[in-house]
Amino acid sequence: MTDYILKTNSLSKHYGKFAANDNISMGIKKGSIYGLVGRNGAGKTTFMKMICSLSSPTSGGFELCGKSYPRLENARAKIGNLIEDPGIYANMSAFDNLKAKAKLYGKVDENKIKEIIRIVGLEKAGKKPAGKFSLGMKQRLGIGLALVGDPEVLVLDEPINGLDPAGVAEIRDTLQKLNTERGITILISSHILGELSKLCTDYGFIDRGELIKEISNEQLMNDCTEYTKLKVDDTAKAKKVLESLGIDSADETESGVLRITQTQVGTDDITEAMVLNKVRVYEISKQGTDLEGYYLNMIGNGRES
Amino acid sequence: MFGNLSLDMFVMKKKKSTYITALLMFACALLTGMLIRANSGEMTFTELTVQSSSLAALFIGIYYVMFLGSDIKNGFIKNTAGTVKSSMVYILSKEITLAVYTIVGIAALTLGSFILSALLLDGTKGFEAVPFIKYLGVMYLLLIGFSSFITFLVFTIRNTVAPMVIGVLLTSGAGVNIIYTPIEVLLGKAGVNFDFRYISCVKNLMLLNTDTSGKDMLIACAVAVGHIIVFNTLTKLVMQKKDIA
C-alpha cells in the first residue's frame, strides 16, 4: 500500500465566484519529489498556501502526516515552506534569521543553524544584514528557513527564481541530497521545467485551478520518449508487416494508431513496406518531447497568462 | 506558546526601534519638563509624569504598529503563522511581548520624569506613592488595551500605514478632539448622553490622573479589559477568515 504523506480530497479555494483551486484530489508519496507544473495564475501558489495552513480551504480537505485538516495538531510543524518571496528580517543576519525561527521550536542548536547555512551556501554572508542580500542569497535564506525545525515535508514555490545557473545546480543537488539522505518529501513548483525534469519523481499538472493530470517520472519519460506514430486502416496487418521489418513492439494507443518505440527502422522503409503489403497509411511521423513540450501539448499550446 | 514568545522577544531585542522608542519615552518627560521650565512653570514629579504620558502614548503606539506590522510587511509571518496550532497562540504571543515592552516604556518614562524633576523641578516634593502606582497600573492596562485595538487594525488592514495614522490621530489627541468630542456634542444635542470614555482606551488615558476617582479608574480598567478580550477575539476571527499571506 502506497504511503502518502499528503493527500488532498476535493480541495477548493474560491474568492467570490473565482475558483483559484477547484476540486483538487491528489497524493504525494512519502519520500518523493513532486513537481507542481502550471502557468502563471494556474493555482499552484494558492494550493501550496492551503497545504501550509496560510490559507483556509473553501471546501474539501487534506491529510498531512496522518492528520486531517483542520485538526493537524503537530503535523503543522512538520512542514517547511518557501512561498513566493522569502520572508526575512532585513535588519538581521542570515544566522539570526534562522535563530529566530529556531526559537519557535524550542531549544536553539547553533551547530544545526550553521549546518543549514552551509547547506544553502551562505557561509560567506557572515553578519551582513539580510536586507542587503542579493535576490539569490535571499532565496537561499528562504530555503534555509524552510529547513529549520527538521521538516518532513518541504513546500517550495519557485525556489530557484533569481539564482544563476551555478546556483540552480547547487540548489538542485541540495534538494536531491535532502530527499535521498534525510528522506524529506518535497513539493516544488517552478517555471523552469527543464530543472524540474532533472529533479522530480512525480508531477501534477494544474491549469485554471484544476488538477489536470498526475504522472510519475517513469510514465512521463515513457510518454516523452521518441517514437513513431503510425495511423493505418488495418492495425493487425500492419503489425505483421512491422514484424517482418524486425519491429516486434508496436502498441495500439487508440483505434487505428500504432506507437513504435523501436526507431532503428526509418519512416520511409516502414511506409514502403506498408504500401507493398496493401496497408493504407494515413499518417506516419516521429514524435517525442520533453517536459515542457508535454505540458504545452496538454494545455493546448497555451500562452502564459 | 513558549516558542512563539521566545521568537517574538528575540525579534524585539534585535529591532533598533525597540531602543529608540524607549529612549523617546525617557525623553518625553525631559521635553515636557524643559517646556514647563522655559515657561517658568512649576510641576511635581507626579504631574510631570502625567503630563508626559500622552506624548509617551503616541510613541509607544507607533512602536506597536511597527512591531505588529513587521512580520506581515517582510513576509516572515509565512514562516511561523502556519506552524502554530491556533492563531490565538500567535496573537497572544505578540500581545504578551508588547505587554512586556510597555512595562519597559513606562519605566523609561518614569525614570525620565524622576531625573528631570530631581535636577530642574521640585524633585519628588509632595509625592504620594499609592495614587502614583495606581495611576501607572491603570495607564499600563489602558496601553495594553490600546495595543489589542492596534493588533486588530494591523491584521485586518494588513499594512502599517492606516493603523499608524489612526494610532497617531488617537494618541495625539487629534482623533479625540476631531472625532469623539463632536460626536458627543451632537448626541448631546439629540438628548443622548454618551461619553466615549466608556468605550475608548485613549480617551480614558487622556483623562487619567493621579486624583482620578476610584469609580473612573474602575471604568478605565473595564474598558481596557474589554478591549483586550474583544479585539483579540476579533483578530483571531480575522486570521481564520483571511489568508495569512
Side-chain angles (χ1 to χ4, degrees), chain A residues 13 15 20 45-46 48-58 64 67 70-93 96-108 129-131 138 141-142 144-149 151 155 157, chain B residues 1-21 63 66-94 96-97 100 155-156 158-160 235-245:
Chain A
K13 180 72 180 181
Y15 295 101
T45 303
T46 304
M48 286 174 157
K49 283 182 183 178
M50 283 195 284
I51 299 307
C52 296
S53 301
L54 297 176
S55 175
S56 306
T58 308
L64 175 66
K67 304 281 185 193
R71 298 193 183 286
L72 294 173
E73 307 297 336
N74 293 333
R76 290 178 198 272
K78 294 182 183 178
I79 277 197
N81 76 70
L82 170 58
I83 305 281
E84 295 173 319
D85 301 330
I88 56 176
Y89 286 110
N91 61 313
M92 297 204 282
S93 65
D96 281 343
N97 265 280
L98 295 169
K99 189 174 177 180
K101 194 177 171 198
K103 284 191 175 277
L104 197 59
Y105 297 95
K107 198 177 165 189
V108 174
K138 286 179 183 172
L141 180 54
L145 283 164
L147 290 172
V148 173
V155 177
D157 185 20
Chain B
M1 175 68 113
F2 176 77
N4 281 81
L5 263 175
S6 184
L7 181 151
D8 285 330
M9 292 289 193
F10 178 77
V11 169
M12 184 175 74
K13 279 192 286 185
K14 287 284 179 183
K15 283 183 174 307
K16 282 185 197 158
S17 55
T18 300
Y19 304 97
I20 293 170
T21 305
Y63 180 78
M66 286 166 61
F67 179 80
L68 291 163
S70 66
D71 272 11
I72 295 171
K73 208 171 158 191
N74 64 26
F76 202 87
I77 193 171
K78 291 181 286 189
N79 297 322
T80 56
T83 63
V84 292
K85 289 181 192 176
S86 161
S87 48
M88 191 51 100
V89 168
Y90 183 86
I91 296 161
L92 285 178
S93 172
K94 298 278 181 219
I96 292 170
T97 305
V100 169
F155 280 92
T156 306
R158 293 293 165 93
N159 70 48
T160 52
T235 306
K236 178 185 155 79
L237 290 171
V238 164
M239 279 189 81
Q240 282 173 342
K241 282 282 178 190
K242 283 181 99 165
D243 292 347
I244 289 172

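Because only heavy atoms are used, hydrogens play no part in the values below, and waters and symmetry mates are left out as well, while side chains stay in. Letters A, B, ... are given to chains in the order of the sequence lines, protein chains preceding strands, and every chain is numbered from 1.
Of the listed residues (A:Ala77, A:Gly131, A:Ala100, A:Ser53), the greatest number of heavy-atom pairs within a distance under 4.5 Å of chain B belongs to A:Ala100. Chain A forms the most heavy-atom pairs under 4.5 Å with one residue out of B:Asn79, B:Asn4, B:Val84, and that residue is B:Asn79. The greatest number of non-hydrogen atom pairs below 4.5 Å with chain A, out of B:Gly82, B:Ala81, B:Ser86, is found for B:Gly82.
Contact annotation for B:Ser93: neither backbone nor side-chain heavy atoms come within less than 4.5 Å of a heavy atom of chain A. In this structure, chain B has heavy atoms under 4.5 Å from both the backbone and the side chain of A:Lys101. Proximity to chain B (any heavy atom under 4.5 Å) is restricted, for A:Pro86, to the backbone atoms N, CA, C and O. Of the two parts of A:Asn91, only the side chain, counted from C-beta on, holds a non-hydrogen atom closer than 4.5 Å to a non-hydrogen atom of chain B.
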Using distance only, find each side-chain donor-acceptor pair of residues 237-245 of chain B under 3.5 Å and give its atom names and separation, not counting sequence neighbours.
from	atom 1	to	atom 2	distance (Å)
B:Lys242	NZ	B:Thr156	O	2.6
B:Asp243	OD1	A:Lys13	NZ	3.2
B:Asp243	OD1	A:Ser55	OG	2.8
B:Asp243	OD2	A:Tyr15	OH	2.5

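To the nearest 0.5 Å, atom CG of residue B:Asn74 and atom CE of residue A:Met92 are 8.5 Å apart. For the atom pair B:Lys78 NZ and A:Leu54 CG, the distance stands at 8.5 Å (nearest 0.5 Å). Once rounded to the nearest 0.5 Å, the distance linking CG of A:Leu104 with OG1 of B:Thr80 reads 6.5 Å.
With a 4.5 Å cut-off on side-chain heavy atoms, B:Lys85 and A:Leu72 do not count as touching.
The shortest non-hydrogen separation linking A:Tyr89 to B:Leu7 is OH-CD2, 4.5 Å.
Residues forming a side-chain hydrogen bond (donor to acceptor under 3.5 Å, both in side chains) with A:Asn97 (at least two apart in sequence, or on another chain): none. Listed by chain and residue number, nothing satisfies the ring-ring contact (aromatic ring centres under 6.0 Å, His included) test with B:Phe67 (two or more places apart in sequence, or in another chain).
For residues 8-18 of chain B, the interface with chain A (any heavy-atom pair closer than 4.5 Å) comprises B:Phe10, B:Val11, B:Lys14, B:Lys15, sorted by residue number.
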